[in-house]
Amino acid sequence: TPGIVGETLKKIIAHLKDALPLASTSMQKEQIQKTIEYFEKGNVEDFRAANIAWVKDGSQSPVDVMMGWVEVYEDWLARIGSWETYVQIVDPEISKQAQALATHAQYFENNMPYGRFKKTFPKNYAPPALMVYYFQERGSYRTGGYNLPNFDDIRRDVGAKNIIRLPLPGETEDPTFKSMWIEALTEYAPKAKVETLLKDRELIWKVIVLLHEIIGHGSGTYDESKFGKNEDPISALGSLGSALEEQRADLTALVFGGDKTLVDVGIYKNEDEAKRILHGMYDFYVVDFMRRTSGQRTFTEAHQRGHWLF
């Protein structure tokens, strides 16, 4: 590829080759190798192979990595992926909470309003769920986490993997960060709720992301007769496909945000906290939508379109 993209890819490939000997597992080494081949040749099958290796590596590597043209959030037709690079350090202790939640996937699935399109997971199913600190994030969209790969046949036949972002130590007490949320909550939340929402914001966001990524995106099936082999149904749905999928995952959080299971796995201390956070979640969700809308002034991004529809 000529031009600035090609020259940048050459540098990235050189760094990835330096990283190969430092891979923690054989699957991570396979992921890096296939990513290099994809960047060198442009064959999407190599990128698919890299995604498969990433999923199979599960939670084995203490430093996890994902890169490429991945999410289509900002393309109205949901076809063109944006460049993203994530290097993240896994917190093995906190990840136990996420992994415990993942083991209850069938319970949540059984309570979904999906009719005949509910999933039956294999016995002892628990998709990899990592709670991480972002060492590096490069992309057009700041994420709270992600559930990949986006290839639906890989999700069906191999599985998916969940990454949940943890705040860096001291991040939530940073004056700039804190003042941003005080301003947003003061502007859009009822005055009597500002202090409570500020105090609970981090836990509210954590629960939304956990349920969105681990339970929401991993749930449900679809009518395969309506799509071609290996066709991604989200892309096939056109401009609203990605927005509908993101909102479906958000609705999972808004419906199950106070479920007793979250107490059982240690995310909440007790049922009273679960009830308080669920109610706060509704207020915070509207505040965050208004905050994003006031800044972006557009509904072209997939999450925003889904929020607007809701």
Side-chain angles (χ1 to χ4, degrees), residues 1 5-6 8-73 75 78-90 102 119 121-122 125-130 132 134-139 143 145-163 213-214 217-218 221-222 224 227-236 241-242 245:
T1 303
V5 173
T8 303
L9 276 180
K10 288 177 184 177
K11 295 176 183 177
I12 292 170
I13 289 167
H15 286 303
L16 287 173
K17 288 179 176 177
D18 289 340
L20 265 175
L22 304 175
S24 300
T25 67
S26 60
M27 281 294 103
Q28 188 173 69
K29 189 171 186 178
E30 174 79 0
Q31 178 201 354
I32 295 172
Q33 181 60 51
K34 287 299 180 182
T35 301
I36 291 170
E37 292 174 20
Y38 170 58
F39 291 158
E40 288 179 333
K41 303 172 186 175
N43 186 341
V44 72
E45 290 304 315
D46 289 323
F47 188 56
R48 284 171 56 86
N51 276 259
I52 290 170
W54 179 71
V55 172
K56 287 184 174 180
D57 189 48
S59 57
Q60 300 304 306
S61 298
V63 177
D64 192 83
V65 61
M66 168 55 67
M67 66 170 58
W69 288 273
V70 183
E71 303 286 13
V72 295
Y73 298 146
D75 176 30
R79 294 175 183 171
I80 300 174
S82 299
W83 174 262
E84 296 170 50
T85 305
Y86 302 104
V87 179
Q88 49 235 356
I89 301 169
V90 180
K119 243 180 208 175
F121 296 108
Y125 172 79
L130 282 62
V132 306
Y134 280 22
F135 180 75
Q136 181 203 57
E137 179 184 28
R138 291 288 182 270
T143 71
Y146 53 90
N147 172 287
L148 292 173
N150 285 330
F151 298 103
D152 199 72
D153 61 314
I154 297 177
R155 298 173 68 87
R156 180 191 64 221
D157 300 335
V158 182
K161 187 164 160 179
N162 303 280
I163 303 295
E213 302 293 353
I214 298 174
H217 279 318
T221 62
Y222 58 91
E224 295 185 23
F227 303 94
K229 185 180 179 181
N230 296 342
E231 184 176 23
D232 173 27
I234 303 304
S235 297
S242 183
E245 172 59 18

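None of the values given here were measured: they were computed from a predicted structure.
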Please output the side-chain donor-acceptor pairs of residues 41-48 that fall under 3.5 Å, not counting sequence neighbours, one pair per line with the distance.
from, atom 1, to, atom 2, distance (Å)
N43, OD1, E45, N, 2.9
E45, OE1, R48, NE, 3.4
R48, NH1, D153, OD1, 3.2
R48, NH1, D153, OD2, 3.4
R48, NH2, D153, OD2, 2.6

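- Here the side chain of E40 pairs no donor or acceptor atom with the backbone of T35 at under 3.5 angstrom.
- The nearest pair of heavy atoms linking T143 to E137 is N-OE2, 3.1 Å.
- Remark: side-chain polar atoms of S61 are not paired, donor with acceptor, to backbone N or O of D64 under 3.5 angstrom.
- Under the 3.5 Å distance criterion, with hydrogens and angles disregarded, no donor-acceptor pair is assigned to the side chains of N150 and R155.
- Here the side chains of V132 and I89 are not in contact, with every heavy-atom distance at 4.5 Å or above.
- The CG atom of D57 sits 3.5 Å away from atom OG1 of T25, with the distance rounded to the nearest 0.5 Å.
- In this structure, the separation between CG on D18 and CD1 on I32 is 11.0 Å, given to the nearest 0.5 Å.
- Between N162 and H217, the closest side-chain pair of non-hydrogen atoms is not below 4.5 Å.
- Here the shortest heavy-atom pairing between L130 and G58 reads CD1-O, 3.9 Å.
- The side-chain heavy atoms of P149 and I154, taken from C-beta on, include a pair separated by under 4.5 Å.
- Separating the OG1 atom in T221 from the CZ atom in R156 is a distance of 11.0 Å, to the nearest 0.5 Å.
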>> Test side-chain contact (heavy atoms from CB on, under 4.5 Å) on M67 and L16; report intermediate values, then the result.
In response: CA-CA 11 Å; M67 66 170 58; L16 287 173; 3.9 Å; yes

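- With a 4.5 Å cut-off on side-chain heavy atoms, K29 and M27 do not count as touching.
- Contact record, P127 with A102: O-CB, 3.6 Å, taken as the closest heavy-atom pair.
- Here the NZ atom belonging to K17 is positioned 6.5 Å from the CD1 atom belonging to I36, to the nearest 0.5 angstrom.
- Minimum heavy-atom separation, A50 to Q31: O-CG, 3.5 Å.
- Between Y86 and Y146, the gap from one ring centroid to the other is short of 6.0 Å.
- Remark: the backbone N or O of S82 is not paired with any side-chain donor or acceptor of E71 at under 3.5 angstrom.
- Looking only at side-chain heavy atoms (C-beta outward), M66 and N51 come within less than 4.5 Å of each other.
- Contact annotation: the side chain of F135 never approaches that of V63 to less than 4.5 Å [non-hydrogen atoms, C-beta and beyond].
- Here K119 contributes atom NZ and Y125 contributes atom OH; the two are 6.0 Å apart, rounded to the nearest 0.5 Å.
- At a threshold of 4.5 Å between non-hydrogen side-chain atoms, the residues W54 and V65 do not count as touching.
- For the pair I80 and W69, the minimum side-chain heavy-atom distance is 4.5 Å or more.
- Atom-to-atom distance recorded for I13:CD1 and E37:CD is 10.5 Å, nearest 0.5 angstrom.
- Electrostatic pairing of E213 and K161 does not count as a salt bridge here, judged by no charged N lying under 4.0 Å from a carboxylate O.
- Using a 30° and 60° split on the angle between ring planes, W83 and F39 fall in the tilted class, from 30° to 60°.
- S26 is linked by a side chain to side chain contact (heavy atoms under 4.5 Å, CB included) to nothing, counting only residues two or more places apart in sequence or in another chain.
- In this structure a side-chain-to-backbone donor-acceptor pair under 3.5 Å is present from Q28 to S24.
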